[in-house]
Amino acid sequence: MCHVIVTCRSMLWTLLSIVVAFAELITFMSTDWLIGKAKPSSSEDVDNRTGGLQEPYHPTLGIYGRCTRISHMQISRRDTLCGPYAENFNEIASGFWQATAIFLAVGIMILCAVAFVSVFTMCVQSIMKKSIFNVCGLLQGIAGM
């Protein structure tokens, strides 16, 4: 009975470790860190497919990427283009955002390493008489700081 509980707990911990690592990665790549005010609607904002107005445009900025509105030459409707705005590290918005990028990247690498190791904890639970759970939990705590 005790072995079943430990196995279920380690499987749940493994699953949650993988989910958190992916969530952190998605957060890093997200462009929705800062969301600007909605731009006022104009006559050009009519959706040609439906004939109604498009949703108001909100410019967004993230650590790594941004979304901007562009107008196509051939099509009269406007569209949003999202992608990285910084080609190198020095082009990131400010020193605080550069520090955030560094800390998030290190945290994500640690969380991904823990998620990878946690898969093996279902087979091996200790190395050199040290619990892998304790070491990985410590690493997760450090990554979350």
**Message:** Test side-chain contact (heavy atoms from CB on, under 4.5 Å) on Trp33 and Arg66; report intermediate values, then the result.
**Reply:** CA-CA 9 Å; Trp33 281 64; Arg66 68 176 171 190; over 6 Å; no
**Request:** Compare all side-chain heavy atoms of Ile102 with those of Phe89 and state whether any distance is below 4.5 angstrom.
**Result:**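 Yes, at least one pair of side-chain atoms sits under 4.5 Å.
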**Minimum side-chain heavy-atom gap Leu34-Trp97 below 4.5 Å** =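 Side-chain contact under 4.5 Å: yes.
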Look only at the side chain of [X] and the backbone of [Y], and say whether a donor-acceptor pair between them is shorter than 3.5 Å.
{"X": "Thr60", "Y": "Thr31", "value": "yes"}
{"X": "Asn88", "Y": "Glu91", "value": "yes"}
{"X": "Glu24", "Y": "Val20", "value": "no"}
{"X": "Ser30", "Y": "Thr27", "value": "no"}

**Message:** Run Leu61 and Tyr85 through side-chain contact (heavy atoms from CB on, under 4.5 Å) and show every step you take.
**Reply:** CA-CA 9 Å; Leu61 177 67; Tyr85 68 88; 3.6 Å; yes
Could you measure the distance from the [atom1] atom of [X] to the [atom2] atom of [Y]? Nearest 0.5 Å is fine.
{"X": "Ser118", "Y": "Leu12", "atom1": "OG", "atom2": "CG", "value": "11.0 Å"}
{"X": "Met29", "Y": "Ile108", "atom1": "CE", "atom2": "CD1", "value": "9.0 Å"}
{"X": "Leu25", "Y": "Met109", "atom1": "CG", "atom2": "CE", "value": "12.0 Å"}
{"X": "Ile18", "Y": "Leu111", "atom1": "CD1", "atom2": "CG", "value": "12.0 Å"}
{"X": "Cys136", "Y": "Ile110", "atom1": "SG", "atom2": "CD1", "value": "11.5 Å"}

**Item:** Those residues that, when tested against Cys112, pass disulfide bond (SG atoms under 2.5 Å apart) (two or more places apart)
**Value:**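 Cys112: no disulfide bond (SG atoms under 2.5 Å apart) contacts found.
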**Asked** In the single-linkage hydrophobic clustering (I, L, V, M, F, W, Y; side-chain heavy atoms under 4.5 Å), do Phe96 and Ile63 co-cluster?
**Response**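 They do share one cluster, since a chain of ILVMFWY contacts under 4.5 Å joins Phe96 to Ile63.
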**For Thr14, all residues meeting side chain to side chain donor-acceptor pair (under 3.5 Å), sequence neighbours excluded** = none
**Shortest non-hydrogen separation from Ala21 to Ala115 and the atoms involved** = CB-CB, 4.4 Å
**Request:** Test side-chain contact (heavy atoms from CB on, under 4.5 Å) on Trp13 and Val114 and set out the steps.
**Result:** CA-CA 11 Å; Trp13 175 69; Val114 168; 4.1 Å; yes
